[in-house]
Structure formats: C-alpha cells, structure tokens
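Worksheet: the structure to be examined is printed underneath.
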Amino acid sequence: MMGFASAGEILKPGSQHEQSEIARLSSFVGAIALGDIVKTTLGPKGMDKILIGGRPGGEDTVRVTNDGATILKSIGVDNPAAKILVEISKVQDDEVGDGTTSVTVLACELLREAERLIAMKIHPQTIVAGWRLAKDAARSALEASALDHGADKQLFLKDLENIAATTLSSKILSQHRNHFTALAVSAVLRISAAGDLQAIQVIKKLGGTLGDSFLDEGFLLDKKIGVNQPKRLENAKILIANTGMDADKVKVFGTRVRVDGTAKVAELEAAEKQKMCDKVNKIKAHGISCFINRQLIYNYPEQLFADAGIMAIEHADFEGVERLGLVLGGDIVSTFDNPELVTLGTCDVIEEVMVGDDKLIRFAGCHRKEACTIVIRGATQQILDEAERSLHDALCVLSQTLKETRTVYGGGCSEVLMSNRVSQLATATPGKESLAVEAFANALRTIPTILADNAGYDSADLVAKLRAAHTAGVSAAGLDMFTGEVGDMAQLGVTESFKVKSQVLLSAAEAAEMILRVDNIIRAQPRQRERH
Amino acid sequence: MATTAIKPTMGMGDKRSGGSSNIPKSRQFKDKEKPTHIRESNIVAAKAVADAVRTSLGPKGMDKMIQSGSGDVTITNDGATILKQMKVLHPAAKMLVDLSKAQDIAAGDGTTTVVVMAGALLNSCNELLSQGIHPTQISESLQTLSEQGCKILEGMSIPVDLSDRDALLRSASTALNSKVVSQFSSLLSGIAVDAILKITDLKEAKMVDIRDIKIVKKLGGTIEDSKLIEGLVFDHRAHGVNKVEKAKIGLIQFQISPPKTDMDNQVIVSDYAQMDRVLKEERQYILNIVKAIKKAGCNVLLVQKSILRDAVSDLALHFLAKLKIMVIKDVERDEVEFICKTLSCRPIASLDHFVPEALGSADLVEEILTGAGKIVQVSGILNPGRTCSVLLRGSNKLVLEEADRSLHDAVCVVRCLVRHRALIAGGGAPEVELALGLADYARASPGVESFCIRCLAGAFETIPYTLAQNAGLNAIATVTDLRNRHARGERNAGINVRTCCVSDIIEENVVQPLTVSQSALSLSCETVRSILKIDDILNATHD
C-alpha cells in the first residue's frame, strides 16, 4: 500500500484525501471560522445568537443563546478541525460547565498564530515544541497568581458570590445578576461540597420577569394531586413507584379470552378489578401517606387511595421520579410484595403552591435537607431557556469551586498575566521555538482584545494599557467592562474559578496542537443511503 | 446636563456622515456589517408585528379578522389572540408573540399594549443604534428604565380595598371597553367581579385560580342573556328525566354497558338458546348496576366519558329513565375535579363504592332549553365549594368566542387586583407620566445612559398617541395637551375617548390594575433587550 503514489488509486471511489499544505489549510480555515462565530458572544458585553431549528420539537423552534457550547452543539459542522473544537467546548461544558466560549476562541487564536508561523516556513513540530514550553510557563504563572480563601469562610463566601456574578455577567441574567448570584450561591451552599447538582431542580414558568425568580427550600413537582385526596400532608411517608396501575396484562401478542356468555365476561372484569384492588392493598400495606407513580393511576385505584386518605400523584415523568427518589431518600419500586425491604421516602410537608398560573406540588423538609428548587420566571420561552442555561453554568462553576477553592481574577487579567510571563520566556528561549512561544503569548492577549471589541471599546489602546499595568507590577489589573478602562479586578470583584481558567488553557492548547499536527485528512466514502 | 445637551447633535452628524470624528475615540462603536444587518432585520420584523396590532389598541381600536389555514374565521380585538393566530416566521417576530403570551399569563390584559410598547421601544433603539451607541449600552439603559418606570407607576397608583366592589367594577369595565363586546361592559364586568369574589377567600387571598370559574358558551340569544350562575351548568343534554327536585347527584367513573375486559375477549355462541342467554345476561348485568344506583338514593347521574367503550349503553339509559334517574353523559375527566369541588361529592370509580355519602345534594337540577340546544343547570347546592359557573350567550359563534376572551381578560384584571391591590389611571395617563418622569430621571443621570433613557422615554408616548389616533382625534394636539397637563402636575390626566378630550381619567372611572401597567413595562423592556443583544442567526442541524 505504501508504494502507491496517488491516493486516488487505493481509496474507494467517493473517499477524499487532502495532503500536507491543503490539509493544514482546511483545518485552519474550519477552526478559525468556527472561532469567529462564537467570538462575539465572549464577555459581559457579548452578543447573543438566534438558533433556528435543530430540536426534535420542530422546524421553527427558535432559541436565543449566548452559551458557546449550545451554539457549537447546534450548528452542524463538516470540517474535521472544527469538529475537534466543538468537542473541546463540549468537554469543557461537562467538566467545569463554564468557559465554553473562551476555550474555543483561544484554540482558534492559537491556530491563527500557527498559520502565520507556517507561512514563515516554520515546521509544525517546532511550533508544537514552543507551545509546550509556553503552556507550562502560562500554567505556572496562573498557579502563582491563584488565591485560595478556602480556609476563611467569610472571604470564601465573597469569592463564591464574585465568581457567580462574573459568570452570570456574560449572560442574559446580567441585569439581574445580584438576584441570581444570591440564588445560585445559596443553592450551591445547601448542597455543600459533596452534594451533586441533581438535588437542585430548576423549573421554568412562563410569565413574570426574571426578577421574580426565586429559590424554594423544598422540591417542586409540576403535577397534580388526585381528586378528593388530601391536598396537604405532614410528616409524609412516600412510596415512589414505577408500575402500571391497570390490571396486569399477559404480554403475549394476540392473547384473548374465550367465553360463552356475558356473565362470564362480567366475572372476568370483576377479576381484573380485584387484581387492581389487590395491588392497591399491597401498596397500602407499606403504611404510606403518599404514593407517587411514574405511570398513570386510573380512576379506580385513585378512588381506593382517596378512600384510604392517601395522596396519589400520577404520571410523574422519569426524571421527576428519579429526582424524587434522590431527594426524598426512597427507593423506586415496581413490585410490592416485600414492604419490609422497601425504603420509604420522607418529608415534613407536602402541599400545593401556586406559581404564576399553575399549581405545583411542594415537598418541604425532605429527607435530603439540601434539596431545593429554583423557579425561573421570564417573559418568553427563549428567555427562560437561556436563563436556565446560564444558571446551570453558574451552578456548575460554583460547585467546582467548592471542591477546588482556588480563584483567579477575570476581566482579561489572568490572560495578560500569563501572556506577559510567556513573553518573558520567549526572550529567554534560544532557537526557533522562541517564535512559537511569542505566538502563544499573542494568542492569550487576544482574549482581552475580543472582550474590549465586543463592548465597543478601543481594544488596541486598552490592551496596551493593561499590558503596561501588568508589566509595572499591578497584578490585579484587568478590564473594567462598565467604564471601559483598566481597573483593579480585586476591587471590582471580577473573579473566576482557577479550575475553569486552567482547563481553558490546557484544553485549548491541546486541541490546537492536535489540529496543527495533522497533515493528512482522509475522508471515508460516505455511507450510501438506500431508498426503499 | 452638558453631555445631554451636546450628544444629540453629535449623533445626528454621525448618522449622516457615517464617520465619527467628533465622538471620543474610546467610545467609538465599531461593529461589523453583518451584526448590524441582522439587528436591523430583527428590529424591522418585530416592529412589523407591533404595527399589525397597533390599530386595535384602546376603546376605539379596530378589530381584526383572521382566517386560519383551515378556513376558520376569528374576529378579535385581543392582541394575544391576533398574534397567536398570525403564524409569524421570523424568529424576532416570534419573540414578540411570546411577549404578548407572557403578558396574558402575568396580567391577562394589556396584551396589545405590551406589543405596541415593545415596538415603540425598538424604534427608539434603532435611532440610538444608528447614532453609534453600542447595543449593550442601550440594553443596560433599558434595564434602568424598567426599574425606574416601575417606581414611577407605583408612585401614581391608588390602593384599593377588595370590599370596594365599585372600584373592581370600574377596572374590569376599562378592560372590556376596548373589546368588540364593549357595549355590554357593565354586564360582563359585573359577572367577572362577582365570579372572582365568589371563588376567593378575601381574608387570605393571594391564590386565585381562575380555573375555578367554568365558562359555558351557548349559541343563541344575545350577550345580554349571559349570567353568572350560583351552581353548576353542563353543556350537555339530560337523558331520562328533565327536572329533578331534591337531587342526589352521583358522579361515576365506571361504565354502565356490557362488560369488557382489558384483554381481548370473544364470546362464542354455538346455538340459538345460548344467544338468548347471552342477551338475557347482559340485561341482567346492567339491571343490577342500575338497581344498585337507585338503592343508594341517587337520582341524577353524571357519567365520565370513556374512550374504551360506551359510557352508558342505550339499554342502561332506558332502565335509568324508568327509575326516574336523570343522566348526563360524556363528562370530561378534566372536569371531574371541578364538579367534585362544586357539588362537594366524591367521584365513584366502582359500583362497590356507590354509597349515599359519596353523593352531592342540590335543590334542583333541570334541563333548560336555550336557543341552539339544551343545558343542564344545578342550583341550590348543599355546602357548595368555592367555584362558580358563567353562562355566556351570543348571537353567533364569533361574538360568543370574543365574549369569552373578553370575559377572560376582565376576570384576569380583577384577579390582578386581588393579588396586588392597587389601581392606576388608564387612558394613556401612566405612559405619559412615564415619559415625563423618565426624562426627568435622565436629566439627573450621567453619561451615555442619560441620553439613551431620554430617547427611550419618548417611546412611551406612542401609547397615548396611538390611542388618540385610533379614536380619530388629532393625535399630536392631544398628546401635547396631555404632556402639558402632566407637566403641570395633573398626574391622572388621560385621553377620554368617549368625550374626545383630555380630562382627569380617574373621575371618568377609567382605571386598571397596577400589575397590568407594571408587567407591560418590565416584560416589554426584557424582550427588547434580548432582541438587541442578538447579532447573528444560525441554522441549527437536526440531530
């Protein structure tokens, strides 16, 4: 195989093959184009995008978003390099929840620098070597500048608030930042370091404004209580089940009963009813006061529950049931023969509450005390969805910060700090790698440039000032995006999680390096679609 | 002060020359062509939506006739309904449709106002953008605007006591005045107020669930024949008996028809004698059920609809009629809870549970003949729940549906007052006050924000302007007059459409809940902000 000169002869028809210069060019073009799409969403004055379609809901669903990961996830890309960037933003979203735009933009800027170096006939491997040096220097600079207030409760709380505010300031929630900061911080503090975000439930309700959103110290379920059943329970014992409440059917296709008279059918019907009744009795034997089923509860069992004074909630969706199991501390059961083996969920009060136009069921004082619900209100569905995404980012970052308590300054401060250190390294590095190291510093510096550009400030002027301030030793200098000047980030409280920042740096460098090392793109023959 | 005075001229110059030599360098707004283009297209689309509903604003607003794809015609004056039916395509236009929906949920009324307001704000934003102000700056100013505006509105509001029925009536009729059915506003507002007062417990009322009001629409008669009914109305025919006094009402969720199992069943008949027996058994089976019902003392039977089989077979109807039991078929499952609450009865899911305790009692259940059909009315219910029913009548379907929507608006207005007990003047008064108050605020605030707020504040005058225009008044003269009076401190001066002049609108009894104005302001600001922040439209792939 190695001996063939042209790929055309060894690959199946329909496959494509791009080599060296062309391959690299196509990688650069794809990655840079992708970076340019999300670039404008970066920072507190970043813009939003409308996404049309792309959800099973239908052709014409409209989403308005500022979240890099969401944008990248939704637009279909065909360029392999662009796909890698989409991947890293996804990983960033899963790992730390925020910085999804930054990571894409940084990787894109690194590649832009690389393109320039390649044009200067510098070998990709040399660039990669230089970048590795630069990355280590940047990381150690970031680590040195990180502050750890984990031991001091007061300061740490302040840190958390600042981090939440910084994350939210780049989103739709920015104007209600203080409100949502308080919401997010108190929600995350409830679940504490070990807890998982599952215990925080987010419910979206159309109507009202974002400012009307609130945190409920309990668990809200968007379902209805059965007719004639108690609407309020105290010290409830709850059984969570996933079971069909109709008569159990024989699940063999085509089974049917043959009888020779109506009376026999009536007997059968009675037998079926008896089965339902038996099942309800078995459930009642658990000594419960509330029964929640994932599937439907029909009229007859509903009445039996009502007669027994048991609150029955039907059709709680799958996610709802799982969460309930988690927060109420109960098992999800499907058979009811062994009441002694089943752990029941408990909570202090179950009651109906009204949110906007709808009634919700509220579980207060749950088994897991940390459980809570954030209800988001907003004028349109788009605003609600976007608010949920933003809040999710903030919650993720906060819970990460609870584990890794170190923080760094935002507003382009850490980027300039790193870039200055990397520049110093460049001057001390002999050989061609020095150029690559300098390129890395340039790429880092584009982040504050974009921040300023998005806000409509004179970026060249501001970034130069910022750089000078850092060189002069003001290590907390950053961009004050509200006045358009260089300001003290410590005073303004623009703080970001160390974990997020370092993850952005490492992921972006890694992805850019990976794309740079590609010199051959082979596209397999597309799968033939067969028409029937 | 100085900045405010200089800025506009600078902006104007900038607009024409396209250059920007006289704007400070650091403030220079460099935006690429595409985002500007996208923003413009969004604003144009959203404004088009606002313009479409503009003429239906206010008591003299015009109605719209909308023909749906399937040929159904709707005539309405309700902004939310018009927009819902319009089927807009542009994403930004959709956001405005959602906005009116949100206002409908939050306040129930003012769905046209909120869209017109958003359109006017967008217009001002467009001006600001063309003068080279960055969208985020405008967006922030909008936020301040909304906060300050709410304070101004709160300042001019009048607290209201729920026992003051007149005040409630006045605000409900203001909401109704702009509708097709405005000549019946006094009747419908009475119904709305009484209905809400009936379903709420005034002492601890914050929770008002308007689903506790059941509206039954019946063709025939005129709207004047509509009434609030203390009791329950079914839009169904009664079977068997037409009138039952001292009724015992049972609501059953099982069926009185030949038995059917969940599994498929087959009755095999091998000879004639057996066929006879099958028929006899069926008769016996149904007769047993009917007898058990009679035994419990029930004489009115409500039967829940069943998708699996006949809820009540003809044979059963026959037996029930013989035993003088009135039957109402096809009660929807959603209605069960409402009925139970009203009659204080329990739904009965199986024959074994058919006991006298589960029945509800009423003095009279009777079938009434109305124009196009029959309804069943239950009155004199023993310990009734906090619910009520409204019987709406209308001479044609379109009027009837519009009356339904209007009544819904009026009910929502009263509900707003129960939740937040404050009234505010109508007739464009709050908007003029907003425009003036915010302009004052702008004068005192620093920087670009001051300029933005001043420009945006002017947008609120669009509401009185449109009101006047729709009423056929000289809009410019009217709005100027209005502004003068407000500047002189007549905070409640508004456009009196009936006498076509500007007067103290509170004396004219044109009032609306504070919630309606406040939520219109904050919701429209929120939506405009999110439209401004968009700089690209991407087509997503289908995964």
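- Between A:Met47 and B:Pro135 there is a side-chain heavy-atom pair separated by less than 4.5 Å.
- Side-chain contact between A:Val64 and B:Met95 is present, with heavy atoms from C-beta onward closer than 4.5 Å.
- Of the residues considered (B:Thr136, B:Asp98, B:Leu538, B:Asn42), B:Leu538 shows the highest number of contacts with chain A, using heavy-atom pairs under 4.5 Å.
- Ranked by heavy-atom pairs under 4.5 Å with chain A, the list B:Ala92, B:Ala358, B:Cys525, B:Ala102 is led by B:Ala102.
- The number of heavy-atom neighbours closer than 6.0 Å to CG of B:Asp271, taken from other residues, nucleotides and ligands shown, is above 12.
- Contacts of B:Arg346 with chain A are made by both backbone and side-chain atoms, with heavy-atom separations under 4.5 Å.
- In this structure, the side chain of B:His134 does not engage the main chain of A:Tyr457 through any donor-acceptor pair within 3.5 Å.
- If you take OG on B:Ser41 and CD1 on A:Ile50, they are separated by 8.0 Å, rounding to the nearest 0.5 Å.
- In this view, A:Glu351 and A:Arg232, A:Arg362 satisfy the salt bridge (charged side-chain N to carboxylate O under 4.0 Å, His left out) rule, not counting sequence neighbours.
- The part of A:Glu302 that comes within reach of chain B is its side chain, from C-beta onward, which places non-hydrogen atoms under 4.5 angstrom from that chain.
- Of all the listed residues (B:Glu282, B:Arg277, B:Glu140), the one sharing the greatest number of non-hydrogen pairs under 4.5 Å with chain A is B:Glu140.
- When each of B:Ile348, B:Ile537, B:Asp535 is scored by its heavy-atom pairs under 4.5 Å with chain A, the top score falls to B:Asp535.
- Using a 4.5 Å heavy-atom cutoff, the side chains of A:Thr40 and B:Asp536 are not in contact.
- Taking CZ of B:Phe254 as the start and CD of A:Gln303 as the end, the distance is 9.0 Å to the nearest 0.5 Å.
- For chain A, no part of B:Gln284 is nearby; none of its heavy atoms comes within less than 4.5 Å.
- Of the two parts of B:Gln274, only the side chain, counted from C-beta on, holds a non-hydrogen atom closer than 4.5 Å to a non-hydrogen atom of chain A.
- Only the backbone of B:Leu532 comes within contact range of chain A, with heavy atoms under 4.5 Å apart.
- At a 4.5 Å heavy-atom cutoff, A:Ala306 makes no contact with chain B through either its backbone or its side chain.
- Every residue was checked against the side-chain hydrogen bond (donor to acceptor under 3.5 Å, both in side chains) condition with A:Asn79, not counting sequence neighbours, and none meets it.
- If you measure heavy-atom distances from B:Gln143 to chain A, the contacts under 4.5 Å come from the side chain alone.
- For the atom pair OG of B:Ser139 and CG of A:Asp48, the computed distance is 9.0 Å after rounding to the nearest 0.5 Å.
- In terms of non-hydrogen atom pairs under 4.5 Å with chain B, the most contact-rich of A:Asp307, A:Thr41, A:Ile71 is A:Asp307.
- Looking at B:Ser522, both its backbone and its side chain come within 4.5 Å of chain A, counting heavy atoms on both sides.
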